[in-house]
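The chains referred to below are lettered A, B, ... by the order of the sequence lines, with proteins before strands, and numbering in each begins at 1.
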There are 2 protein chains.
Amino acid sequence: MAVKQEPKLKRAPLYEQIANTLEEFIINEGVEEMRLPSEFELAQQYQVSRTVIREALKILKERGLVSMRVGDGLYTTRPKYALSSVMNRIVRFDHIDDAQIASVRQILEEAACLQALRHADERDFDLLETINQSMEAAKEDYDRRAALDYQFHYTLAKIGKNELLTDIIESIMDILQDYIKRRLTSYPSGNQQGIEEHALIIKTLRQRDSDKAVSLIRNHLKASYRQYKKNMR
Amino acid sequence: MAVKQEPKLKRAPLYEQIANTLEEFIINEGVEEMRLPSEFELAQQYQVSRTVIREALKILKERGLVSMRVGDGLYTTRPKYALSSVMNRIVRFDHIDDAQIASVRQILEEAACLQALRHADERDFDLLETINQSMEAAKEDYDRRAALDYQFHYTLAKIGKNELLTDIIESIMDILQDYIKRRLTSYPSGNQQGIEEHALIIKTLRQRDSDKAVSLIRNHLKASYRQYKKNMR
DNA sequence: GGAAATTTGTGCGTATGTATC
DNA sequence: AGATACATACGCACAAATTTC
């Protein structure tokens, strides 16, 4: 009977097909904050119900490709920011400890330091200097100081001109910070030492002494990690 | 003029709240392939409609925490596998080229090699040897050879006992492979050289010569990357 | 500043596919 | 092997929030 014999090609659910189609479109556009058609229009366009569109959009939201605002509409976003949350989940699900995270950070930042030296000009060093001086000025404000410290390391990574490496470093800093914040019992006291280490790193970079710079980065990260470790429960 | 002044505490949509609540539950359980209550039951349990539950589940699916099978039910999964797809999206959205990916891979594998030497015993080296010999035996079968090559590098990383590092390396290998496959015009011819390089790496590891091992890894990765590069459009 | 139009959020009903007895 | 129960997939209607004129 029935030689119909469908090839048993179980097609993916509609919401997944739509999600992938929309993903292709968004990635090919490659623009963030671009307005997309409303759910209703997308439903008409792809000849499916709004429910299907909505489930597809939830997927894309989690892929870091769209965001939706009630009463406003749909906008594309850069998937870059999804990286740290994915890593965070892995760390928590598999109970990966902070020592491993710190170790990965050290590996990446040492490498970034080397690459930075291959691309840096004096203006890059000036920028690092400026950030570090702001940090000095913000000694009293813990949150601002932390943000500037983040910016220092992010900027150094960025000088290396490897965007993927920079993104990964950023996400590692994020999850390490999350990990630390979840366990911090008190804020570490004003860290003059860290600022001085930054200054020495900049000076060494200007001298183009890569071995010493890498070594300084390593020790700086180890020291600042120990500093936080002391304030954990 | 309305001193109401609501704290502007826009609560998140239900589907997001539910997604986060379920995520907490799943991560705290920390078990994969665990069966979850059906959509209907979850809807009752949290006193929301099934629509909300479904959208939350689409989010969790994309977070790599659940999978659903029609007619069967919901099961938890490990979020590990979400990493490479996120990176893939970043690479495509920001047009990050293969040279940068290969560079990150090199950084990570060199570091993993060093960490491997700190933890390895003879049985670990034997395992690498076994994999490499299988590769030798599968010279004719391109797909199998590629899979074994992947396994060689994955195993080496795993010996280092840094789970996060291993996961990142794996995801980088994945996206590099995707990138390559998308652009490969023909399969590279049987790569005897790669197998010999593996063998030499193992030998050097057994001698605990870390500097030389790292250097060999570096050259091996550079060579195999060049090999693929030749076959790209 | 307020009402209308637009957009996303939520609830419920039906269709369809899968496992199980 | 067929029937049944149960699971997810899909569609429509209404509510809530925001923008716009």
*asked:* Counting only side-chain heavy atoms from C-beta out, which of dA19(C), dG9(C), dG11(D) sits nearest to Asp72(B)?
replied: dA19(C)

*Within this structure, what is the CG-to-P distance between Leu42(B) and dT8(D), rounded to whole angstrom?*
8 Å

*asked:* Over all strands shown, is Arg54(A) touching base, sugar-phosphate only, or nothing at heavy-atom distances under 4.0 angstrom?
replied: base

*When you match Gly71(A) and Thr51(B) each to their closest nucleotide on DNA chain D, which lands nearer the 5' end?*
Thr51(B)

*Which one, dT10(C), dT7(C), dC12(C), comes nearest to the side chain of Ser38(A)?*
dT7(C)

*Donor-acceptor pair, Thr76(A) side chain versus Met34(A) backbone, under 3.5 Å?*
yes

*Test for a donor-acceptor pair under 3.5 Å between the base of dG9(C) and the side chain of Arg50(A), counting only N and O atoms.*
yes

*Touch class at under 4.0 angstrom, heavy-atom based, for Lys61(B) against every strand present*: nothing

*What integer distance in Å separates Leu74(B):CG from dC6(D):C1'?*
12 Å

_If the cut-off is 4.0 Å, is Ser49(A) near the phosphate of dG11(D), judged by side-chain N/O to OP1 or OP2?_
yes

*Lys80(A)/Glu170(A) ion pair, N-O < 4.0 Å*: yes

_Can you identify which nucleotide, out of dC12(C), dT8(D), dG9(C), has its nearest atom closest to the Lys58(A) side chain?_
dG9(C)

*NZ of Lys229(A) to CG of Asp98(A): how many Å apart, nearest 0.5 Å?*
3.5 Å

*Side chain of Leu14(A) only, please: which of dG11(C), dT8(D), dC10(D) is the nearest?*
dC10(D)

_The criterion is side chain to side chain contact (heavy atoms under 4.5 Å, CB included); which residues satisfy it with Gln133(A), sequence neighbours excluded?_
Glu129(A)

_Length of the line joining Glu39(B):CD and dA15(C):C1', which is rounded to integer Å_ = 14 Å

*What nucleotide among dT7(C), dG11(C), dA7(D) has an atom nearest to a side-chain atom of Arg35(A)?*
dT7(C)

*Using atom OH of Tyr46(A) as one end and atom C1' of dC10(D) as the other, report the distance to the nearest whole Å.*
18 Å

*Would you kindly give the CD-to-C1' distance between Glu55(A) and dG9(C), to the nearest whole Å?*
14 Å

*Rounded to whole angstrom units, what separation is found between the CZ atom of Arg69(A) and the P atom of dG9(C)?*
12 Å

*Starting from P on dG9(C), measure out to CD on Gln17(B) and report it in whole angstrom.*
12 Å

*Sugar-phosphate only, base, or nothing, as touched by Phe40(A) at under 4.0 Å among non-hydrogen atoms*: nothing

*Atom-pair distance (OH on Tyr75(A); C1' on dT8(C)), nearest Å*: 12 Å

*asked:* Please determine whether a side-chain nitrogen of the Lys or Arg among Asp72(B) and Arg69(B) lies less than 4.0 Å from a carboxylate oxygen of the Asp or Glu.
replied: yes

*Closest to side chain of Val70(A), choosing from dA17(D), dC12(D), dA9(D)*: dA17(D)

*Is Arg92(A) close to Arg182(A) at the side-chain level, that is, under 4.5 Å between some pair of heavy atoms?*
yes

*Taking only N and O in the side chain of Tyr15(A), is any of them less than 4.0 Å away from OP1 or OP2 of dA9(D)?*
yes

